[in-house]
Amino acid sequence: MEILKKKINRYSLGVWIAFLALILICFAWIMQIISLVDWERAIEIGVQDNSFTGNVTERAMADVERGVAVADILWALPLTIIAFIGLLREKFIGFIAAMMTFAICVYFPLFYIFRGSTNIDIVLVVTLLWAVPSLIGIFGLWTNRTNYVT
Amino acid sequence: MVDTTIFTWIIAIFGTITFLPLMVVQLLMVLEPNGRKTKDIIIAKGEEWRDKTHLKAILGFAWADLIVILPLLISSYVGVFTGQLWGYMIWLALGILSIYFSIVFWVMEKEYTYPSLGWLAYYTYAWGFFLYWGLAAISHSVFQMSSL
């Protein structure tokens, strides 16, 4: 844990890891924006799995995925922006927003894993790109919490 | 140390009222996914799973809730009532997830659940409580942590 407190330029290593995790998370939100703008195009490029023009099951799963995409854009994306700016300025609100963003990004890959029917490639991507960096980001920020919470 | 206030108690009791029935239903789902009682509660009275994918998706939510949300909820209570900062951090995480899934379910299934349940049930125990609890938990946690 002590290594996460090591200063590299302006911020500690743990905070740099949090920044990296937030940047990776932004890719997820970009994919969700693409999906909401043109769902069928998102399927073509492999961002989504289930089509609204498919069978009953596919349409039902597409409904779930659209719900997740809307929640990501309305709720998680603004939080990510607040987290990024807040951490850059070393503000308490940045610490809080980053922790909440990471909580979402650790939880939703678990849902994909437990669901069992998700393509294994997607499970690996969401775990390695978002869940693991977010988990390390939580540890990184928690180790440096005294910078934000007195 | 973070002081326990009357609001901490209210949010903890409200959280128990909100999450306990959900956890009982999810336990039922994990133990007997094809049981009549489970399907009556989760889908609708007399209804069947649309197919295996539908069943697996709901089972995914059930496992995630029991393995992640339930231990987090219990440990958050231990944390907040012993005045620990991490207790409020867990409330923040649970609060954000609670609001997140309120949005997901609003988009995903309001058109099915709202007509069958009616406005009172929908905006209280079926959906609304999770949103209200999330907002309350986040507000209270931020207030407690910022006043340290």
Side-chain angles (χ1 to χ4, degrees), chain A residues 36 49-50 54-80 83 91-93 95-118 123 131 134-135 138 141-142 145-146 148-150, chain B residues 2 26 29-30 33 43 49-69 72 76 85-86 88-112 131 134-135 137-139 141-148:
Chain A
L36 289 178
D49 254 353
N50 300 290
N55 58 32
V56 177
T57 310
E58 249 192 281
R59 289 202 301 271
M61 296 312 290
D63 260 338
V64 177
E65 300 303 340
R66 187 183 54 183
V68 171
V70 170
D72 284 342
I73 300 311
L74 287 183
W75 186 225
L77 173 63
L79 265 178
T80 309
K91 299 285 184 194
F92 169 70
I93 189 78
F95 172 78
I96 297 291
M99 284 297 207
M100 292 196 286
T101 306
F102 292 151
I104 291 172
C105 293
V106 169
Y107 182 83
F108 87 81
L110 289 175
F111 165 65
Y112 283 129
I113 293 166
F114 291 134
R115 191 165 73 176
S117 57
T118 310
V123 171
S134 295
L135 199 58
I138 289 173
L141 284 184
W142 182 253
R145 64 188 176 281
T146 46
Y148 306 94
V149 187
T150 48
Chain B
V2 188
Q26 300 297 45
M29 179 67 203
V30 165
I43 316 168
W49 300 113
R50 283 196 288 269
D51 62 10
K52 218 172 171 180
T53 312
H54 182 211
L55 167 69
K56 279 185 170 182
I58 304 301
L59 201 53
F61 275 120
W63 277 114
D65 281 347
L66 291 172
I67 293 176
V68 181
I69 302 295
L72 278 180
S76 73
L85 186 65
W86 55 261
Y88 290 93
M89 288 305 305
I90 298 175
W91 265 10
L92 275 179
L94 286 172
I96 193 97
L97 289 173
S98 198
I99 296 172
Y100 183 82
F101 281 101
S102 298
I103 300 171
V104 172
F105 282 103
W106 174 273
V107 176
M108 190 177 97
E109 58 166 32
K110 189 189 173 221
E111 61 182 301
Y112 310 110
L131 178 71
L135 291 169
I138 289 174
S139 309
S141 301
V142 170
F143 178 79
Q144 291 284 75
M145 291 164 74
S146 62
S147 58
L148 277 176

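The sequence lines fix the lettering, A, B, ..., with proteins before strands; numbering per chain opens at 1.
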Item to check | Options A:Ile138, A:Ile104, A:Asp63, ranked by heavy-atom pairs under 4.5 Å with chain B, top entry | outcome: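 If we count pairs closer than 4.5 Å to chain B, A:Ile104 comes out on top.
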
Item to check | Nearest heavy-atom neighbours spanning A:Tyr107 and B:Ala64 | outcome: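 Closest approach of A:Tyr107 to B:Ala64, heavy atoms only: OH-CB, 3.3 Å.
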
Item to check | B:Met145 side, atom CE; A:Arg145 side, atom CZ - distance, nearest 0.5 Å | outcome: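 Result: 10.0 Å between the selected atoms.
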
Checklist entry - For atom NZ of B:Lys110, is the number of surrounding heavy atoms from other residues, nucleotides or ligands below 6.0 Å larger than 12? => result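 It does: B:Lys110 NZ has more than 12 such atoms within range.
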
Side chain, backbone, both or neither of [X] within contact of chain A (heavy atoms, under 4.5 Å):
X	value
B:Trp86	both
B:Ser141	neither
B:Phe101	side chain

Checklist entry - Less than 4.5 Å apart, any side-chain heavy atom of A:Trp142 and any of B:Leu85? => result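 Side chain of A:Trp142 against side chain of B:Leu85, heavy atoms only: contact under 4.5 Å found.
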
Item to check | Validation row: B:Met89, A:Phe95 side chains within 4.5 angstrom (heavy atoms) | outcome: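 With C-beta onward as the side chain, the pair touches.
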
Item to check | Partner chain A: residue of B:Ile103, B:Val104, B:Val68 with the largest heavy-atom pair count (under 4.5 Å) | outcome: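 When all of B:Ile103, B:Val104, B:Val68 are compared, B:Val104 has the most.
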
Checklist entry - Could you go step by step and tell me if B:Trp63 and A:Leu110 meet the side chain to side chain contact (heavy atoms under 4.5 Å, CB included) rule? => result CA-CA 9 Å; B:Trp63 277 114; A:Leu110 289 175; over 6 Å; no

Item to check | side chain to side chain contact (heavy atoms under 4.5 Å, CB included), paired with A:Met100, selected from B:Ile99, B:Val142, B:Leu92 | outcome: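 Result for side chain to side chain contact (heavy atoms under 4.5 Å, CB included) with A:Met100: B:Leu92.
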
Next on the checklist: Is A:Leu79 in contact with chain B via its backbone, its side chain, both, or neither, using a 4.5 Å heavy-atom distance?
Outcome noted: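 The answer is the side chain of A:Leu79.
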
